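Note that the structure is predicted; figures quoted are calculated from it, not measured.
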Amino acid sequence: QVQLVESGGGLVQAGGSLRLSCAASGSIFSIIYMGWYRQAPGKQRELVATIPSAGSTVYADSVKGRFTISRDSAKNTVYLQMNSPKPEDTAVYYCYAWISVHPQRPAGSYWGQGTQVTVSS
């Protein structure tokens with residue numbers, strides 16, 4: 001069973017920094033890409049950033065220049081470095097991954113449990 005375990009959420013002051021981590025574990029054949037989504041109260045879930053095994057990273061316009069997504073392939077871990085966060089960044093952040101567990105089976109989507117990030121002014 002594949003699972004995504006998140007850590008690093010919490011309270012941060014505006015203009016500070018925070019780093020979220022998400023580690024994928026289980027019987028994994030390959031990870032096609034990993035990313036982060038977020039959902040604020042009363043709003044729809046939205047993409048924050050994604051990082052494929054090869055190719056370009058993708059960021060939401062609202063976080064470009066402030067957030068950085070990175071990965072550690074040896075640990076099957078993706079990170080989201082949040083610099084200069086704003087109160088508007090307050091949301092539940094969800095780790096997401098597109099993972100193949102068998103070379104002859106279709107890949108599937110996996111979600112972390114979500115971690116609360118609160119940015120105070």
Side-chain angles (χ1 to χ4, degrees):
Q1 183 73 238
V2 174
Q3 61 178 336
L4 305 180
V5 180
E6 300 167 316
S7 62
L11 177 66
V12 63
Q13 298 285 334
S17 65
L18 192 69
R19 190 174 79 156
L20 307 183
S21 300
C22 174
S25 63
S27 298
I28 299 171
F29 175 70
S30 65
I31 298 177
I32 289 78
Y33 71 90
M34 301 182 75
W36 294 92
Y37 286 74
R38 68 184 182 187
Q39 187 167 25
K43 303 184 71 175
Q44 296 184 14
R45 189 172 299 186
E46 64 177 353
L47 174 71
V48 177
T50 61
I51 183 167
S53 58
S56 301
T57 56
V58 175
Y59 293 94
D61 289 340
S62 60
V63 307
K64 285 182 178 178
R66 299 186 298 116
F67 294 3
T68 302
I69 189 169
S70 61
R71 59 176 175 256
D72 184 335
S73 297
K75 297 180 179 180
N76 287 333
T77 299
V78 65
Y79 305 94
L80 185 68
Q81 179 67 42
M82 304 171 63
N83 293 333
S84 300
K86 306 174 182 179
E88 307 93 272
D89 295 318
T90 295
V92 176
Y93 283 70
Y94 296 91
C95 180
Y96 172 84
W98 191 253
I99 297 173
S100 173
V101 300
H102 191 281
Q104 295 180 311
R105 297 174 184 170
S109 62
Y110 295 85
W111 291 90
Q113 76 284 356
T115 184
Q116 177 71 46
V117 173
T118 301
V119 183
S120 62
S121 59

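- If you chain together hydrophobic residues whose side chains sit under 4.5 Å apart, Val5 and Ile28 never meet in one group.
- Once rounded to the nearest 0.5 Å, the distance linking OG1 of Thr115 with CG of Leu20 reads 6.5 Å.
- Summarising the geometry of Ser56 relative to Pro52, their closest heavy-atom pair is O-CD, 3.4 Å, with the distance given to 0.1 Å.
- Pairing each heavy atom of Ile99 with each of Ala24, the nearest pair is CD1-CB, 4.4 Å.
- Listed by chain and number, the hydrophobic cluster partners of Leu11 come to none, as no ILVMFWY side chain reaches under 4.5 Å of it.
- Here the closest non-hydrogen pair linking Pro85 and Gly16 is CD-O, 3.0 Å.
- Listed here is the closest heavy atom pair of Val48 and Val63: O-CG2, 3.8 Å.
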For this session: Show the numbers, then the answer: is there a side-chain contact (heavy atoms from CB on, under 4.5 Å) between Glu46 and Gln39?
Result: CA-CA 6 Å; Glu46 64 177 353; Gln39 187 167 25; over 6 Å; no
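- Arg105 contributes atom CZ, which lies 12.0 Å from atom CZ of Phe29 (distance to the nearest 0.5 angstrom).
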Problem set entry | Criterion side-chain contact (heavy atoms from CB on, under 4.5 Å) on Val117 and Leu18, from CA distance to verdict | CA-CA 9 Å; Val117 173; Leu18 192 69; 3.9 Å; yes
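- Val92 and Val119 sit in two unconnected hydrophobic clusters of ILVMFWY residues. Membership requires side-chain heavy atoms under 4.5 Å apart, directly or through other members.
- Considering Thr68, Val78, Val58 in turn, Val78 is the only one that fulfils the side chain to side chain contact (heavy atoms under 4.5 Å, CB included) rule with Ile51.
- Both the sub-6.0 Å distance and the 45° axial angle are not jointly satisfied by Arg38 relative to the ring of Tyr94.
- Going from atom NZ of Lys75 over to atom OG of Ser73 covers 12.0 Å, rounded to the nearest 0.5 Å.
- Residue pairs meeting the side-chain hydrogen bond (donor to acceptor under 3.5 Å, both in side chains) criterion with at least one member in residues 13-30, sequence neighbours excluded: Gln13-Ser120.
- Within a 6.0 Å radius of CD in Glu88, more than 12 heavy atoms belonging to other residues, nucleotides or ligands are found.
- One hydrophobic cluster holds both Ile32 and Leu47 under the rule that ILVMFWY side chains link at heavy-atom gaps under 4.5 Å.
- The two residues Phe67 and Tyr59 have their closest heavy-atom pair at O-CE2, 3.3 Å.
- Taking CZ of Arg66 as the start and CG of Asn83 as the end, the distance is 9.5 Å to the nearest 0.5 Å.
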For this session: Any chance you could lay out the ring-ring contact (aromatic ring centres under 6.0 Å, His included) test for Trp98 and Tyr110, step after step, and finish with the verdict?
Result: CA-CA 6 Å; Trp98 191 253; Tyr110 295 85; 8.5 Å; no
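- The aromatic rings of Tyr33 and Tyr96 sit tilted relative to each other, their planes meeting at an angle between 30° and 60°.
- Heavy-atom minimum distance, Ser100 versus His102: OG-O, 3.0 Å.
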Exercise. So Val12 and Thr118, side-chain contact (heavy atoms from CB on, under 4.5 Å) or not? Walk me through it.
Worked result: CA-CA 6 Å; Val12 63; Thr118 301; over 6 Å; no
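- Among residue pairs with one or both ends in residues 8-118, those qualifying as disulfide (SG to SG under 2.5 Å) are Cys22-Cys95; sequence neighbours excluded.
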Problem set entry | Evaluation steps, side-chain contact (heavy atoms from CB on, under 4.5 Å), between Glu6 and Trp36 | CA-CA 11 Å; Glu6 300 167 316; Trp36 294 92; 3.6 Å; yes
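- To the nearest 0.5 Å, atoms CG (Asp89) and OG (Ser62) are separated by 7.0 Å.
- We find that Asp61 and Lys64 are joined by a salt bridge, their nearest charged nitrogen and carboxylate oxygen being less than 4.0 Å apart.
- A distance of 12.0 Å separates CE in Met82 from CD1 in Ile69, rounded to the nearest 0.5 Å.
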